[in-house]
Amino acid sequence: KQVSLTPVRSGGAVTGLLNVTSRDPAFVFGERELGLLRQIARIVCPAIEAARAAINVAQQRALYDLILRSLTEGVIMLDSDAHLVFANAPGRALVEALDRPGTVTTRLEDVAELLPGTLGEVWVQAITSGDGTSGRGQFVINGAERWLDYELVNLQHPHFRLLVVTSDVTDAVLRED
């Protein structure tokens with residue numbers, strides 16, 4: 001049997017070998033065949049690497065999604081136009097509790113009007129200063145009063161502006177009272 005091992009390169013480094021074996025015992029790889037195999041390796045192997053990278057990204061995305069959706073803490077991400085980018089189940093419950101029919105928010109500052117008590121002022125200060133903030137607030141979620149610890153994190157990203165993480169501390173607050 002004739003065997004050809006053609007190096008696969010990425011960024012100048014050998015990352016693998018393209019292995020081609022002839023079933024015909026009389027076949028001999030000539031320079032023409034070897035040149036063709038080198039050309040195939042230059043074309044096909046980067047595509048294989050890209051597919052592997054895409055699979056890796058998809059697996060990482062699925063893992064992060066599983067982690068975020070498994071948290072008991074609320075996680076909410078907004079873009080710079082106050083559009084919801086992501087919310088896990090506890091985060092979505094808070095968003096739905098704050099959402100008022102007919103209310104249109106086109107700026108992050110507009111969200112302040114939806115927040116109870118002085119949280120609106122805290123929200124505006126946090127997003128205008130760029131420093132973010134944390135604290136505790138009382139919300140009505142699914143018809144029940146809930147106390148949430150929250151953290152507002154301003155994101156230094158061209159598309160994503162604000163990350164909100166909440167933790168339901170209602171039981172601890174009630175025990176304190």
Side-chain angles (χ1 to χ4, degrees), residues 1-99 104-111 114 123 126-134 141 148-168:
K1 286 185 178 181
Q2 283 283 313
V3 176
S4 168
L5 298 174
T6 305
V8 175
R9 300 181 186 278
S10 178
V14 175
T15 59
L17 293 171
L18 175 62
N19 179 356
V20 178
T21 305
S22 169
R23 292 183 199 168
D24 181 359
F27 181 81
V28 176
F29 286 102
E31 192 53 43
R32 181 176 174 270
E33 290 82 11
L34 293 174
L36 182 60
L37 290 173
R38 284 190 292 272
Q39 188 174 7
I40 289 171
R42 281 192 298 269
I43 295 169
V44 173
C45 293
I48 292 170
E49 286 183 26
R52 285 181 181 154
I55 289 169
N56 188 28
V57 167
Q59 288 172 338
Q60 286 179 348
R61 180 173 293 172
L63 175 63
Y64 297 148
D65 186 57
L66 174 65
I67 291 168
L68 287 170
R69 294 192 187 286
S70 299
L71 292 173
T72 58
E73 288 79 11
V75 178
I76 303 165
M77 184 179 290
L78 301 174
D79 68 11
S80 56
D81 295 323
H83 295 122
L84 181 66
V85 175
F86 174 85
N88 64 355
R92 187 163 299 283
L94 177 59
V95 169
E96 290 170 357
L98 295 174
D99 191 25
V104 177
T105 57
T106 56
R107 300 176 315 126
L108 284 172
E109 290 82 359
D110 296 338
V111 175
L114 304 175
W123 175 274
I127 60 174
T128 55
S129 72
D131 293 333
T133 191
S134 61
I141 300 174
L148 301 179
D149 281 351
Y150 61 85
E151 183 173 2
L152 307 176
V153 180
N154 282 292
L155 302 173
Q156 304 301 316
H157 191 276
H159 305 294
F160 308 118
R161 173 71 187 281
L162 191 67
L163 179 67
V164 181
V165 180
T166 65
S167 182
D168 190 329

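Model, not experiment: these values are computed from the prediction.
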Enumerate, atom names and distances included, each donor-acceptor pair closer than 3.5 Å involving a side-chain atom of residues 49-61, sequence neighbours excluded.
{"unit_1": "Glu49", "atom_1": "OE1", "unit_2": "Ser10", "atom_2": "OG", "d": "3.1"}
{"unit_1": "Glu49", "atom_1": "OE2", "unit_2": "Thr15", "atom_2": "OG1", "d": "3.0"}

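Counting heavy atoms from C-beta outward, His159 and Asp79 have side chains that stay 4.5 Å or more apart. Side chains of Ser4 and Leu34 form a contact here, defined as non-hydrogen atoms less than 4.5 Å apart. The shortest side-chain heavy-atom distance between Thr6 and Arg38 falls under the 4.5 Å cut-off. Counting heavy atoms from C-beta on, the side chains of Asn154 and Arg161 come closer than 4.5 Å. Thr166 places none of its side-chain heavy atoms less than 4.5 Å from the side chain of Asp149. Here the side chains of Trp123 and Leu114 are not in contact, with every heavy-atom distance at 4.5 Å or above.
Atom CD1 of Ile48 and atom CD1 of Ile43 lie 12.0 Å apart (nearest 0.5 Å). Rounded to the nearest 0.5 angstrom, Leu98 CG and Ile76 CD1 are separated by 7.5 Å. For the atom pair CG (Leu37) and CZ (Arg32), the distance works out to 11.0 Å, reported to the nearest 0.5 Å. Separation of atoms CZ (Arg69) and OH (Tyr64) is listed at 15.5 Å; rounding is to 0.5 Å.
Summarising the geometry of Pro46 relative to Ala41, their closest heavy-atom pair is CD-O, 3.5 Å, with the distance given to 0.1 Å. Nearest heavy-atom pair, Pro90 versus Leu71, reported as atom, atom and distance to 0.1 Å: CG-O, 3.8 Å. Closest of all the heavy-atom pairs between Val8 and Leu18 is CG2-N, 3.8 Å. Minimum heavy-atom separation, Val28 to Glu33: O-OE1, 4.4 Å. Among all heavy-atom pairs drawn from Asn88 and Glu73, the shortest one is ND2-O, 2.9 Å.
Residue pairs satisfying the ring-ring contact (aromatic ring centres under 6.0 Å, His included) criterion with at least one member in residues 5-53, sequence neighbours excluded, are listed as follows: Phe27-Phe29.
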